[in-house]
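My questions all concern the structure below.
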Amino acid sequence: MAREFAELTLRDQTVQLPVVVGTEGEVGIDISSLRRDSGAITLDYGFMNTGSCASSITFLDGEQGILRHRGYPIEELAEKLTFIEVAYLLVNGSIPNADEFEEWSSLLNRHSMIHEDMRRFFYYYPEHAHPMAILSAMVVSLSTFYPELSQHRPDEPEEHIDKAATRLISKLRTIAAFSYKKSVGQPFVYPRHDLRYCANFLNMMFSSPIHDYEIRPEIVKALNTLLILHADHEQNCSTATVRLVGSARVNLYAAVASGICALWGPLHGGANQMVIEMLEEIQRGGGNVRTAIERAKSKQNEFRLYGFGHRVYKSYDPRAKIIKRACDDVLKVLNTTDPLLDIAMELEAAALQDPYFVDRQLYPNVDFYSGIIYRAIGIPKEMFTVLFALGRLPGWIAQWKEAREDPKAKIQRPRQVYVGPTLRHLDASVKGGDVVSVEDSGGRVPN
Ligand code: CMC
């Protein structure tokens with residue numbers, strides 16, 4: 001097929017730019033030679049319209065509300081598979097057969113403990129340390145305990161990478177549960193080899209020396225669904241961070257720790273905690289959703305309707321649809337109600353009729369209803385974003401691996417348009433600070 005080009009005319013010069021077409025018909029204009037050929041760069045605040053890679057992991061069509069991993073629709077994955085199978089699919093490219101699944105499962109069990117020295121780290125965090133800070137610090141610390149992957153080598157044996165990936169998926173769950181136990185001052189509960197991934201996590205979270213947690217299949221199923229729905233989302237802020245940091249060839253642990261920090265932000269994964277805090281505030285104020293809507297619309301403050309809006313979805317987020325249904329199921333199974341769910345549904349209905357939200361195509365996203373399920377399961381709101389990180393981890397790993405194996409990948413280094421002062425010189429009278437020794441300054445260290 002003949003190569004396709006786009007033409008760009010700047011001042012009196014026309015340059016040809018190759019066109020790249022994806023398997024779903026998406027069109028990208030490759031501008032990598034633009035500066036060389038025309039002297040200009042492209043400028044795109046927030047990367048609203050800039051692709052940074054070609055990827056075969058996740059396909060997303062924000063206009064149609066489509067999300068697929070390795071070609072499989074998210075609806076089918078959430079209904080039929082466990083989180084660990086989806087993690088395998090993302091990281092390895094195919095759904096595991098029975099043998100592969102058993103092997104993967106037993107590897108996850110084998111790597112589920114954390115080094116006893118690492119366990120001690122938890123004791124020195126302040127009482128109310130946010131678990132996301134602990135999570136990120138612990139993940140980067142793994143590179144000091146498992147140094148075979150702490151230096152990036154282009155010829156790193158594949159089995160080292162696979163081992164680090166498996167280790168991380170298994171240990172992040174243990175670290176997450178330990179950070180919760182630390183926050184409530186309870187003894188840590190160790191992982192069990194007779195339990196699968198989600199059941200094991202719930203047991204580590206909620207068992208204690210005086211209480212055996214009852215593992216209910218419906219709750220395990222709900223947690224599996226939630227983690228699957230968060231597993232990957234192409235080049236979102238935290239994944240782009242993992243790829244960018246990884247492009248400097250840091251090890252997997254360091255790249256993922258950076259992703260965890262990016263995810264923490266309230267505009268990204270931290271929104272799930274913000275949603276519940278917003279709903280609680282509405283409840284405290286008597287349950288009037290209009291005040292929140294008017295505040296979110298006002299440009300006089302920073303407040304937003306958390307759990308609403310998305311950079312790429314301009315229709316209902318397909319993940320939010322599944323979560324909304326799961327919410328009803330979990331509350332029914334637990335035979336409970338949550339007044340915050342009623343407020344959330346009222347808020348959604350009001351926003352979806354308001355011209356401000358309609359005109360801007362703002363719909364509920366994955367974070368709007370997830371917190372209601374976490375609350376019903378007994379997970380405190382400070383842990384919500386940690387759960388998001390647990391879910392997103394296979395996506396980060398798959399994307400880090402893909403970037404590492406891509407022959408076209410380079411260190412990521414955006415350019416800028418400089419708008420500061422033009423060349424100027426120091427005045428001849430400017431001398432600069434005196435160099436004073438510590439004794440001369442009377443023992444004080446000069447600034
Ligand atoms: N509440 C009120 N106004 C909003 C909201 C919202 N939640 N989201 C977007 N807008 C407005 C925004 O003020 C802007 O208005 P105007 O055109 O008058 O300036 C317009 O809609 C476009 O928004 P934007 O901020 O330019 O869009 P973006 O693509 O840069 O931001 C977003 C996407 C998700 C950061 C944003 O929608 C937002 O802040 N939402 C609330 C936080 C949230 O729920 N984040 C979780 C996202 S899903 C999980 C994940 O993958 O991270």
Side-chain angles (χ1 to χ4, degrees), residues 44-50 57-58 60-63 65-67 69 74 132 226-243 258-279 281-282 289-324 344 347-348 350-374 381 384-396 399:
D44 181 14
Y45 283 101
F47 306 127
M48 298 280 289
N49 202 40
T50 295
I57 302 169
T58 290
L60 203 168
D61 180 332
E63 277 73 32
I66 294 173
L67 174 62
H69 297 317
I74 189 66
M132 284 299 276
L226 278 171
L227 296 184
I228 290 171
L229 295 177
H230 288 88
D232 192 53
H233 214 229
E234 50 121 290
Q235 306 311 315
N236 57 87
C237 178
S238 58
T239 303
T241 301
V242 169
R243 284 184 91 126
S258 318
I260 292 171
C261 291
L263 187 74
W264 192 2
L267 295 188
H268 190 13
N272 54 14
Q273 180 177 341
M274 301 298 282
V275 170
I276 290 296
E277 288 175 2
M278 174 182 77
L279 297 175
E281 199 184 317
I282 296 173
V289 298
R290 280 289 2 142
T291 318
I293 299 238
E294 292 312 318
R295 234 178 110 204
K297 285 159 58 176
S298 162
K299 301 292 176 196
Q300 309 306 318
N301 65 69
E302 292 279 296
F303 179 78
R304 293 193 154 201
L305 211 54
Y306 289 99
F308 253 76
H310 201 277
R311 170 60 62 79
V312 284
Y313 288 123
K314 300 302 165 202
S315 65
Y316 214 101
D317 182 336
R319 302 166 303 170
K321 268 190 205 156
I322 302 172
I323 291 188
K324 198 174 172 188
L347 189 59
E348 178 193 336
L352 292 182
Q353 281 176 15
D354 190 299
Y356 174 96
F357 292 89
V358 175
D359 295 349
R360 290 171 179 75
Q361 297 174 297
L362 303 172
Y363 293 87
N365 59 48
V366 70
D367 291 321
F368 195 65
Y369 286 105
S370 60
I372 307 276
I373 305 188
Y374 292 140
K381 60 187 177 204
F384 291 178
T385 315
V386 171
L387 270 285
F388 195 149
L390 270 191
R392 185 55 52 90
L393 180 62
W396 288 332
Q399 302 266 355

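In this chain, residues are counted from 1 in sequence order. We count ligands from 1, going down the list as the structure has it; atoms in each ligand are counted the same way.
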Handout entry: Distance-only N or O hit between ligand 1 and Leu305, under 3.5 Å
Key = yes

Exercise for the section: Output yes when the distance from some N or O of ligand 1 to some N or O of Gly307 is under 3.5 Å, and no in every other case. Expected result: yes

Problem - Option set Met278, Lys297, Lys299, criterion heavy-atom distance to atom 16 (P) of ligand 1, minimum - result: Lys299

Practice task
Number the atoms of ligand 1 from 1 as they appear, then name those within less than 4.0 Å of a heavy atom of Arg311, with their elements.
Solution key: 28 (P), 29 (O), 30 (O), 33 (C)

Fill in the blank from the handout: Leu362 and Gly309 have their tightest heavy-atom pair at CD2-CA, 3.7 Å

Exercise for the section: Starting from atom 52 (O) of ligand 1, locate the nearest protein heavy atom and write down its residue, its atom name and how far away it is, to 0.1 Å. Expected result: His268 ND1, 2.5 Å

Exercise for the section: Specify side chain, backbone, both or neither for Leu362, according to which of its non-hydrogen atoms lie closer than 4.0 Å to ligand 1. Expected result: side chain

Practice task
Check if Met48 has a non-hydrogen atom at a distance under 4.0 Å from any atom of ligand 1.
Solution key: no

Practice task
State whether the shortest distance between N or O atoms of Asn365 and N or O atoms of ligand 1 falls below 3.5 angstrom.
Solution key: yes

Handout entry: Met278/Leu347 under side chain to side chain contact (heavy atoms under 4.5 Å, CB included): CA gap, chis, key distance, verdict
Key = CA-CA 11 Å; Met278 174 182 77; Leu347 189 59; 3.7 Å; yes

Exercise for the section: Check Met274 against ligand 1 and report side chain, backbone, both or neither, counting heavy atoms closer than 4.0 Å. Expected result: neither

Exercise for the section: Quick one: list whatever passes side-chain hydrogen bond (donor to acceptor under 3.5 Å, both in side chains) with Thr241, sequence neighbours left out. Expected result: none

Exercise for the section: Below 4.0 angstrom from a heavy atom of Ala271, which ligand 1 atoms are there? Numbered from 1 as shown, please. Expected result: 43 (C), 44 (O), 45 (N), 46 (C)

Practice task
Look at atom 34 (C) of ligand 1 and say which protein heavy atom is nearest, naming residue and atom and giving the distance to 0.1 Å.
Solution key: Gly309 O, 3.7 Å

Handout entry: Which atom of Pro318 lies closest to which atom of Leu67, heavy atoms considered
Key = CG-CB, 4.1 Å

Practice task
Of all the heavy-atom pairs spanning Phe308 and Asn365, show the shortest one and how long it is.
Solution key: N-ND2, 3.4 Å

Practice task
Specify whether His310 and Tyr313 have parallel, tilted or perpendicular ring planes, treating 30° as the upper limit for parallel and 60° as the lower limit for perpendicular.
Solution key: tilted

Fill in the blank from the handout: Checking heavy atoms under 4.0 Å, the part of Arg360 that sits near ligand 1 is side chain

Exercise for the section: Answer yes or no for atom 22 (C) of ligand 1: protein heavy atom present at a distance under 4.0 Å? Expected result: no

Problem - side-chain hydrogen bond (donor to acceptor under 3.5 Å, both in side chains) evaluation trace for Asn272 with Ser370 - result: CA-CA 7 Å; Asn272 54 14; Ser370 60; 4.6 Å; no

Exercise for the section: For ligand 1, note which part of Asp367 has a heavy atom under 4.0 Å away: side chain, backbone, both or neither. Expected result: side chain

Exercise for the section: Give the residue and atom name of whichever protein heavy atom lies nearest to atom 40 (N) of ligand 1, and the separation in Å to one decimal. Expected result: Phe308 O, 2.9 Å

Exercise for the section: Using atom types as modelled and distance alone, determine if a side-chain donor or acceptor of His268 lies under 3.5 Å from a backbone N or O of Ser238. Expected result: yes

Exercise for the section: Look only at the side chain of Asp44 and the backbone of Thr50, and say whether a donor-acceptor pair between them is shorter than 3.5 Å. Expected result: yes

Handout entry: Side-chain donor or acceptor of Asp61 paired with backbone N/O of Ile66 under 3.5 Å
Key = no

Practice task
Check whether any N or O atom of Arg304, backbone or side chain, sits under 3.5 Å from an N or O atom of ligand 1, and answer yes or no.
Solution key: yes

Completion exercise
Within 4.0 Å of some non-hydrogen atom of Ala296, the atoms of ligand 1 are 2 (C)

Exercise for the section: Pick one of side chain, backbone, both or neither for how Tyr356 approaches ligand 1, counting any non-hydrogen atom pair under 4.0 Å. Expected result: side chain

Practice task
Mind listing the closest non-hydrogen atom pair of Ile260 and Met132 along with its distance?
Solution key: O-CE, 3.4 Å

Handout entry: Selection residues 350-362 - residue pairs positive for side chain to side chain donor-acceptor pair (under 3.5 Å), sequence neighbours left out
Key = Arg290-Asp354, Lys297-Asp354, Lys299-Tyr356

Exercise for the section: Examine the proximity of ligand 1 to Leu267 and report which part, side chain or backbone, both or neither, has a heavy atom under 4.0 Å away. Expected result: both

Problem - Nearest protein heavy atom under 4.0 Å from atom 26 (O) of ligand 1, yes or no - result: no

